[in-house]
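One structure below.
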Amino acid sequence: MNVFKDFRKRLLGLLDEMVAAGELPVGLDTARVTVESPREASHGDMSTNAAMVLAGQVGTAPRQLAPQLALRLGALPEVLTAEVAGPGFVNLRFAPDFWRVQVAEVLRAGTAYGASTIGAGQRVNIEYVSANPTGPLHAAHARGAVVGDALANLLEKAGFIVAREYYINDAGSQVETLGRSAYLRYREALGEEIGEIPAGLYPGDYLKEVGRALAERDGGRWLDQPESTWLPVLRDFAIDRIMLGIREDLATLGIGINVFSSERALVASGAVQAAFEELSARGLIYQGVLDPPKGKKPDDWEPRPQTLFRATDYGDDVDRPLRKSDGSWTYFANDIAYHLDKFRRGFTVLIDVLGADHGGYVKRMQAATTAITGGKAALDVKICQLVHLMDQGKPVKMSKRAGTFVTLRDVIDEVGRDVVRFIMLTRRNDQTLDFDFAKVTEQSKDNPVFYVQYCHARCRSVLRHAAETRPAAVLTLEALAEAPLHRLVEPEELALIRIMAGWPRLVEGAAEAHEAHRVAFYLYDLAAGFHALWNKGKDDTTLRFLAPDDAELTLARLALVQAVATVVASGLAVIGVEPVEEMRS
RNA sequence: GGCCCCAUAGCUCAGUUGGAUAGAGCACGCGCCUUCUAAGCGCGGGGUCGCAGGUUCGAAUCCUGCUGGGGUCGCCA
């Protein structure tokens, strides 16, 4: 339950009453009426812009309409004061009980607190990672993996039905190169001296294992065969081995992808041909010659007729080729078929999480999605900017040639899965991110992972302590939900409750914006509120959670503490991080 | 040259889809441990939201044009 949305409904009800009473005209557009918590705490608990939005429609001034609204709002039982302020805001202050009951709401809901129904069962498809099966996942893949996975969790919490997909690019020339590279390692495994890996092939050591495994399985049967015989075998064998490793790495990171789609299978099924015919039927295919890119003409440019998709009809900058000169489909053509396939499987909201180098790909894919689904599906693309790996403030040098690139596995082994997941959400996806091995494992307030975990651990610590000192007390969620919450009267306590009451609203906003990083920032704010209250108890012993001579007050505060732990756990679950019971290692 | 992203405190970044006097953290200065974990908390200084216009009750946020940084640019995926 979102208290802000809830109150907005009450407000709209009052507006209806005012219409009925003839105070307002019929047919008002209330779409832009908002109820939100003001930035400035002194402005109260909630604030509405209704007077400013409606004044124009009514034909009066905001400051004139606002007092009428304030009068009505002030008469509501839960509203303490309703004041007109600024250009026409109505600021509301609620009775403390309005907030206190939220603690019980949290405890009754448990970690499901914050769940929403705005998704209304709508089906969303999120494609993420989708790294080429030509090598192990490296550190940069972690970001897309976490961003996609957390977004999936978030949307599920908001009531959407979510599919998590990985598109395996197992068609095209790159996997052929992989097959040839693996063949070299295969011969090496059989004792041949292969020398330097030729340019154009993948030099990575990870292929040695692939070569050995194949030699073990098949012996020397491919040695004297022509490439046309062994290439498909080697290619498929290598893809399978590498995908196995990728799946393991994803599992280690806790990434919950449940559908792996093969590009090659898609092409083989005729889906690309079908998609092509669909576009043709819509009159969006033609033979034409593209202009060379302005200002930067490739050396080998020559104008030639191509099979083009009219992407410009849907907002792209140029029309895009669907066939290579050898007649086979371009990657783009295959991807159109894949997105159509998602739509045909019942998804109308499509999200692709892609790397920074795919920025130029967004417009054409959105154009194609709109075109081929007749506007019935929308594609949102989340571009993840680069991750700069650092250590002690200095960049970690990486070179594919020298083999010193850092794998995802390396990073997880070094700092742990929870740290990777949390840190990847401490920036908006379109902002570059520094990942400093020293900083992210530091146990200090500079490290948001630690800071949030410490908050949860402190809550648990208090509850453990309470259980030890009062063995008779029942401290289950159900019992604490019945605690005498009216004993929570301190401003810091009520402030903390207000933050918690904002969690459902945050979930809905973040889900609608497809922005999971907001959860990480929210948890930081919540933790700050708790740490502040904790330390108040150091200066003033009457503020401590455990009041030795007041069992009732203690129970109320334990309910508050348990609620904080619950909301933190609820948020961490979206990020995919395990809340810890204590920080001692 | 076209397109996309970014530009907010000295530094790293948020900013509730257009709201009020723009917020955190780091760094800097001062204060707080006989205590449920000081691995933390409080107070203070610090801003032309890159620049210039426009839209309206109201702009860091939306539109246009510039400046600077990154990415990308027909048959790689």
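Values reported hereafter were calculated over all heavy atoms of this structure, with side chains retained and with hydrogens, waters and symmetry mates removed. The chains referred to below are lettered A, B, ... by the order of the sequence lines, with proteins before strands, and numbering in each begins at 1.
A side-chain donor from one of A/Gln287 and A/Thr307 sits under 3.5 Å from a side-chain acceptor of the other. Side-chain contact of A/Tyr286 with A/Asp319: a donor-acceptor pair under 3.5 Å is present, judged by distance alone. For the residue pair A/Glu442 / A/Asn447, no side-chain donor-acceptor distance below 3.5 Å is found, with atom types taken as modelled.
Among the atoms of the strands shown, only primed sugar atoms or phosphate atoms (P, OP1, OP2) are found under 4.0 Å from some heavy atom of A/Lys363. As judged by a 4.0 angstrom heavy-atom cut-off over every strand, A/Leu546 is placed among the base-contacting residues. Within 4.0 Å (heavy atoms only), A/Ala532 reaches sugar-phosphate atoms of the nucleic acid but no base atom. Residue-level contact check: A/Asn49 touches the bases, meaning some heavy atom is under 4.0 Å from a base atom. Among the protein residues, A/Asn334 comes within range of no part of the nucleic acid, since none of its heavy atoms lies under 4.0 Å from any strand. Heavy atoms of A/Arg320 sit nowhere under 4.0 angstrom from any nucleic acid atom. Residue A/Pro321 is in sugar-phosphate contact alone, with no base atom involved, counting any heavy-atom pair closer than 4.0 Å across all strands shown. A/Ala510 comes within 4.0 angstrom of no nucleic acid atom, judged by non-hydrogen atoms across all strands. Counting non-hydrogen atoms under 4.0 angstrom, A/Phe4 reaches nothing in the nucleic acid. The residue A/Glu508 sits apart from the nucleic acid: no heavy atom pair falls under 4.0 Å. Residue-level contact check: A/Gly172 touches the backbone only, with heavy atoms under 4.0 Å from sugar-phosphate atoms and none from bases.
Under 3.5 Å, the side chain of A/Arg304 and the base of B/C75 form at least one donor-acceptor pair of N or O atoms. For A/Asp525 against B/A24, a side-chain-to-base donor-acceptor contact under 3.5 Å is absent.
With rounding to whole Å, A/Tyr451 atom OH is found 4 Å from B/C41 atom P. As a whole-Å value, the separation of A/Lys324 NZ from B/G74 P is 15 Å. Between the CG atom of A/Asp380 and the P atom of B/C5 there is a distance of 12 Å, rounded to whole Å. If you measure from atom CZ of A/Arg364 to atom P of B/G2, you get 18 Å, rounded to the nearest angstrom. For the pair A/His141 NE2 and B/A77 C1', the computed distance is 11 Å after rounding to whole Å. At whole-Å resolution of the value, CG in A/Asn535 and C1' in B/C32 are 9 Å apart.
The two residues A/Met52 and A/Pro62 have their closest heavy-atom pair at CG-CB, 3.8 Å. Across every non-hydrogen atom of A/Ile246 and A/Pro133, the tightest pair is CD1-CA, 4.4 Å. Counting all heavy atoms, side chain and backbone alike, A/Phe521 lies closest to A/Leu425 at CE1-O, 4.1 Å.
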Protein-nucleotides 9-14 of chain B N/O pairs closer than 3.5 Å?
{"residue": "B/U12", "atom": "O2'", "partner": "A/Arg427", "partner atom": "NH2", "Å": "2.5"}
{"residue": "B/C13", "atom": "O5'", "partner": "A/Arg427", "partner atom": "NE", "Å": "3.3"}
{"residue": "B/A14", "atom": "OP1", "partner": "A/Arg428", "partner atom": "N", "Å": "2.8"}

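Remark: ring of A/Phe89 does not overlap the six-membered base ring of B/G19 in a stacked fashion, as centroids less than 5.5 Å apart with planes less than 30° apart are not both met.
Nearest nucleotide to the A/Tyr524 side chain, out of B/G15, B/C75, B/A24: B/A24. Of all nucleotides listed (B/U37, B/A20, B/G74), B/A20 comes nearest to the side chain of A/Ser47. Taking the side chain of A/Arg458 as heavy atoms from C-beta on, and the options B/U37, B/A77, B/G74, the nearest nucleotide is B/U37.
Judged by Watson-Crick or G-U wobble contacts below 3.5 Å, the nucleotide B/C28 has B/G44 as its partner. B/U72 is paired with B/G2 under the criterion used here, namely a Watson-Crick or G-U wobble arrangement in which both key atom distances are under 3.5 Å. Under the Watson-Crick or G-U wobble criterion, with both distances below 3.5 Å, B/A14 is left unpaired in every strand shown. Look at B/G65: its Watson-Crick or wobble partner, with both distances under 3.5 angstrom, is B/C51. If you check B/U56 for Watson-Crick or wobble pairing at under 3.5 angstrom, you find it has no partner at all.
Between A/Glu165 and A/Lys342 there is no salt bridge, since none of the side-chain N atoms of the basic residue sits less than 4.0 Å from a carboxylate O of the acidic one.
Rounded to whole Å, the P atom of B/G18 lies 32 Å from the corresponding atom of B/C43. Atom name P, nucleotides B/G47 and B/A22: the rounded distance is 12 Å, in whole Å. For the P atoms, the distance from B/A24 to B/U16 is 16 Å, rounded to whole Å.
Ring to ring, A/Phe437 and A/Phe435 are close: their centroids are under 6.0 angstrom apart. The aromatic ring centroids of A/Phe260 and A/Tyr128 lie 6.0 Å or more from each other.
Within 6.0 Å of NZ in A/Lys324 there are more than 12 heavy atoms belonging to other residues, nucleotides or ligands.
For A/Trp534, a side-chain nitrogen or oxygen approaches OP1 or OP2 of B/A38 to under 4.0 Å.
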